[in-house]
Amino acid sequence: MLQVEIDGKSVEVEQGTNIIEAAHKTGTYIPHFCYHKKLSIAASCRMCLVEVEKAPKPLPACATPVTDGMKVKTHSELAQKAQKGVLEFLLINHPLDCPICDWGGECQLQDLVMGYGQGAGRFSEEKHTVPAKNMGPLISAEEMSRCIHCTRCVRFTEEVAGFQEIAMANRNENAEIMPFIGKTVTSEISGNVIDLCPVGALTSKPFRYNARSWELSRRKSISAHDALGSNLIVQTKDRTVRRVIPLENEAINECWLSDKDRFAYEGLNHENRLQKPMIKQDNQWIEVDWETAFNYVVKGLNGVANDHGKNAIGMWVNPASTVEELFLAKKIAADFGIASIDSRLRQQDYRLDENRHHDAFWLGQKIDELGSCDAMLFIGADLRTEQPLLTARIRRAAQNGAKVSTLSARREELRMPTFVQAALHPTQWVETLRSMLKDTDDNSISGSLKNAEKAAVILGAAAQQHPQFAEIYVAAQSLAQECGAKFGILPQAANSVAADMLEIRPTKGGNSLQEMLATPKKAVILVNVEPLADTVNGNAAMTALQSAETVIALTAYQTPSLLEAADVLLPITPFTETSGSFINMEGRLQSFYGVVQPLGEARPMWKVLRVLGNRLHLAGFDYNSSPEVLKAATPASGFERHLDNLVSFNADNVSGSLKDANINNLWRVGGVGLYDTDNIVRHAKSLQHTVWAAEPKAVINSRTAERLGLGVGNTVAASQANGGDAVVVTIDIDDNMADGVVYLPTHALNYRLGAMMNTIELKWGE
């Protein structure tokens, strides 16, 4: 440890610590622009100049490592003169439009000029201007004349996002920050450059001119869009959400947000928001009051129960619902006698159920522990699509030497160093994992896991959606045990872990979702489920609902598929308009409060379920607050005691659903599109204008294309078993795909195609 004195305060720091980090430990603030704790040192702004004893001139605090016995003065006459000089130079060409600037009130340059600058400048010449840049639908670069060339945005895209999409062109006074010519910024975490920009040269395009910073109320919340559980600050004005920014939590999302979490708020006030209860009469939708709607629901459920028995009723539950909502949904099912309840909307294989009781599939370790692993194997995962922020943490580990391997149907462009990326047909995954158990080669994937001090084997969404999920799970579990690695999964929804813990799955005599699709129920309760987009086979889901006598939908949106399939719509609120709790992938319980009032007559779903329980004359539905519900939902031993990935299951003795699978059969893969995960995201206008949300092409490799006689740009008819009409798709060729695989993620234009992982046909001229 080194002893250093800063402004008379002594502090011990480790070798390699720079002055600005040492000052932070003493509580001393050193002004800066280009420095950021998560980025490399640029030392380009020179704002952090300080006086160091025996040094001939001021030194940049961000780029000067401390030495034992060093004495630093941050507010001496020499330091202040240097800081004022830097600010004066920065303002030579800066547009001095603070009274009208949209970044006013949160501009770091403005703050530092007030605290460290001079009262007046000495330059009156005409200012240099910089033209606006097009960086895509999320980031506005209309005011690039404000840029002070700190290069934070450049370093972020290269070091954290993994691929440099922004760079500095030219030199001296002609230097400009810009995307590459003809390109826009497409990273799934690109919005973080908005937070990083200290002067408002890069701002949020959806938020631009929407509100002044001092007009906004700030509320803490938790992301409802993936299982990471990112911490948010939701900013509101006039009872509407206007902006979402990160709340720093080093153990979860660090200081970043994915674009999905940052911009999905646009969907909260979409015109499709359901604001009043609605009932379908004579195939026409009419708005009614809550009393009428509840009477309709109770009459419908009791009618089906009396005519066909309660086993004719099914409940589909969205695992993105809060703990409180999941608990009350299950309580209604249990007390009313509905055995067919399921939250595993995107799963096809349920054969592990018999060996699971009260335990939840989870990451298998803490999020920050995964980032410190020396070797990782991801099976059936599209990392950047499923977990954008977790991938950034994995990317940093890979850059620091961790051996990251993948087994999937394609070699994903991870923008990080990888050890092995195996692209195989889905029918080969099980045998490949079993063969890894016998592989003793140090240069193999299993060798990298065995030789690592800390290793992890993780299953992604494609593995969970696979018809052979049970075999894949057990083979991966065995591999992890053999190699001494931690084993886990990447949950598919924000609260999948809680849904597992609360056992939102069929009870004795009940049916799974797949069984309910094959043999439709007479009545179905959709608990925040969009059947066409939220299930593994949207077409089969719609067909099953059309066979029902009554479909009751608790939903925040009136979507075309719900208007087609449902008989009554009960308006519920999204997560920003209710209180509740989520359990993230590492088993961490995080509670939050509503940040705005419910829209129209929409009500929090836990309240709707509570009233429904009362109307059905069920006991124990007298909760007055969501904390009361959470207390009732919490096991006596706590949620943490129910995190267990270990399953005892002999896959060799089970006849899998792929026993007759032929590797020559084309298989569809791709899972859920990045901006197709939930209804809020699907209604977020700006996200739906990104390249990630564009109509997907059917991607195959060149060998498959040659066998089928297809080329880039050809249009073909794609069809699947148990699907609807054929969908016309455009062919693209990428040799990162495995043979016999068609990469085609879900999209509004292909929801009715069929199961998101199963066989597919591509035919010319149809």
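All values below come from the heavy atoms of this structure, side chains included, with hydrogens, waters and symmetry mates left out. Just so it is clear, the model here is predicted, and its values are computed rather than measured.
- Taking the side chain as every heavy atom from C-beta outward, N272 and N679 never approach each other to under 4.5 Å.
- Heavy atoms from other residues, nucleotides or ligands lying under 6.0 Å from OH of Y593 number 12 at most.
- Counting only heavy atoms from C-beta outward, the side chains of Y557 and I680 approach each other to under 4.5 Å.
- Between the N93 side chain and the H128 main chain, a donor and an acceptor come within less than 3.5 Å of each other.
- With salt bridges taken as basic N to acidic carboxylate O contacts below 4.0 Å, none links E248 and K38.
- For the residue pair S372 / K454, a side-chain donor-acceptor distance below 3.5 Å is found, with atom types taken as modelled.
- A donor-acceptor pair is defined here as one N or O able to donate and one able to accept, closer than 3.5 Å; such a pair exists between the side chain of N134 and the backbone of G136.
- Salt bridge annotation for R208-E143: present, with a cationic side-chain nitrogen under 4.0 angstrom from a carboxylate oxygen.
- A donor-acceptor contact shorter than 3.5 Å links the side chain of Q108 to the backbone of H32.
- Here the closest heavy-atom approach between residue C62 and residue I41 is recorded as O-CD1, 3.5 Å.
- Remark: aromatic rings of F592 and F582 are close, center separation under 6.0 Å.
- Under the 3.5 Å distance criterion, with hydrogens and angles disregarded, no donor-acceptor pair is assigned to the side chains of E165 and S190.
- How far CG of D195 is from NE2 of H36: 8.5 Å, rounded to the nearest 0.5 Å.
- Counting only residues at least two apart or in different chains, ring-ring contact (aromatic ring centres under 6.0 Å, His included) contacts with residues 139-187 comprise F156-W256.
- Counting only distance, with no hydrogens or angles, the side chain of Q110 and the backbone of G105 share a donor-acceptor pair below 3.5 Å.
- For the residue pair T74 / D7, a side-chain donor-acceptor distance below 3.5 Å is found, with atom types taken as modelled.
- A402 and C373 make their closest contact through CB-O, 3.3 Å (heavy atoms, listed as atom of the first residue, atom of the second, distance).
- Under the 4.0 Å criterion applied to side-chain N and carboxylate O atoms, R273 and E271 are not assigned as salt-bridge partners.
- Within the 4.5 Å cutoff, the side chain of D374 has no heavy atoms near those of the K403 side chain.
- With hydrogens and angles ignored, the 3.5 Å screen pairs a side-chain donor or acceptor of Q83 with a backbone N or O of L49.
- V50 places none of its side-chain heavy atoms less than 4.5 Å from the side chain of T64.
- Counting heavy-atom neighbours within 6.0 Å of M1 CE, excluding the residue itself, gives a total above 12.
- Ionic pairing of E188 and R384 is present here: one or more N-O contacts between side-chain nitrogen and carboxylate oxygen are shorter than 4.0 angstrom.
- Side-chain polar atoms of S213 and E106 form no donor-acceptor pair below 3.5 angstrom.
- Salt-bridge check for K133 with E176: passed, with a basic side-chain N closer than 4.0 Å to an acidic carboxylate O.
- Side-chain contact of Q590 with N231: a donor-acceptor pair under 3.5 Å is present, judged by distance alone.
- T157 and Q164 share no side-chain donor-acceptor pair at under 3.5 Å.
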request  = Show your working on side-chain hydrogen bond (donor to acceptor under 3.5 Å, both in side chains) between Q597 and R239 and close with a plain yes or no.
outcome  = CA-CA 6 Å; Q597 293 182 352; R239 299 182 178 180; 3.2 Å; yes

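- Across all non-hydrogen atoms, the minimal contact from F263 to A684 is O-CB, 3.8 Å.
- Residues Q118 and E88 bring a donor and an acceptor atom of their side chains to less than 3.5 Å of each other.
- Looking at D676 and K260, no side-chain N of the basic residue comes within less than 4.0 Å of a carboxylate O on the acidic one, giving no salt bridge.
- The residues E266 and R243 are annotated as not salt-bridged, no charged nitrogen and carboxylate oxygen being separated by less than 4.0 angstrom.
- Y675 has its side chain within reach of Q688: a pair of non-hydrogen atoms, C-beta onward, lies under 4.5 Å apart.
- Checked by atom type, the side-chain pair S44/R46 shows no donor-acceptor distance below 3.5 Å.
- Taking CG of D226 as the start and CG of N584 as the end, the distance is 9.5 Å to the nearest 0.5 Å.
- At distances below 3.5 Å, at least one donor-acceptor pair connects side-chain atoms of T391 with backbone N or O atoms of L383.
- Side-chain contact of E324 with S581: a donor-acceptor pair under 3.5 Å is present, judged by distance alone.
- With rounding to the nearest 0.5 Å, the separation of CD1 in I233 from CZ in R219 is 11.5 Å.
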message = Working note: I189 + V160, criterion side-chain contact (heavy atoms from CB on, under 4.5 Å); need CA distance, chi angles, decisive distance, verdict.
response = CA-CA 9 Å; I189 55 176; V160 181; 4.2 Å; yes

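- Put simply, the side chain of R152 never gets that close to the backbone of V193: no donor and acceptor are under 3.5 Å apart.
- Side chain to side chain, S579 and S626 meet the donor-acceptor criterion of an N or O pair below 3.5 Å.
- Here the CD atom belonging to E586 is positioned 10.0 Å from the CD atom belonging to Q365, to the nearest 0.5 angstrom.
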key: From CA spacing to verdict: side-chain contact (heavy atoms from CB on, under 4.5 Å), T240, V596   = CA-CA 6 Å; T240 59; V596 291; 5.7 Å; no

inquiry  = Please determine whether side-chain contact (heavy atoms from CB on, under 4.5 Å) holds for the pair L87 and L109, giving the CA-CA distance in whole Å, both sets of side-chain angles, and the decisive distance to 0.1 Å.
reply    = CA-CA 8 Å; L87 283 171; L109 178 61; 3.9 Å; yes

task = Dump the intermediate steps for side-chain contact (heavy atoms from CB on, under 4.5 Å) on E14 and L2, then the final yes or no.
result = CA-CA 6 Å; E14 296 179 353; L2 305 177; over 6 Å; no

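- Between H225 and F575, the distance from one ring center to the other falls under 6.0 angstrom.
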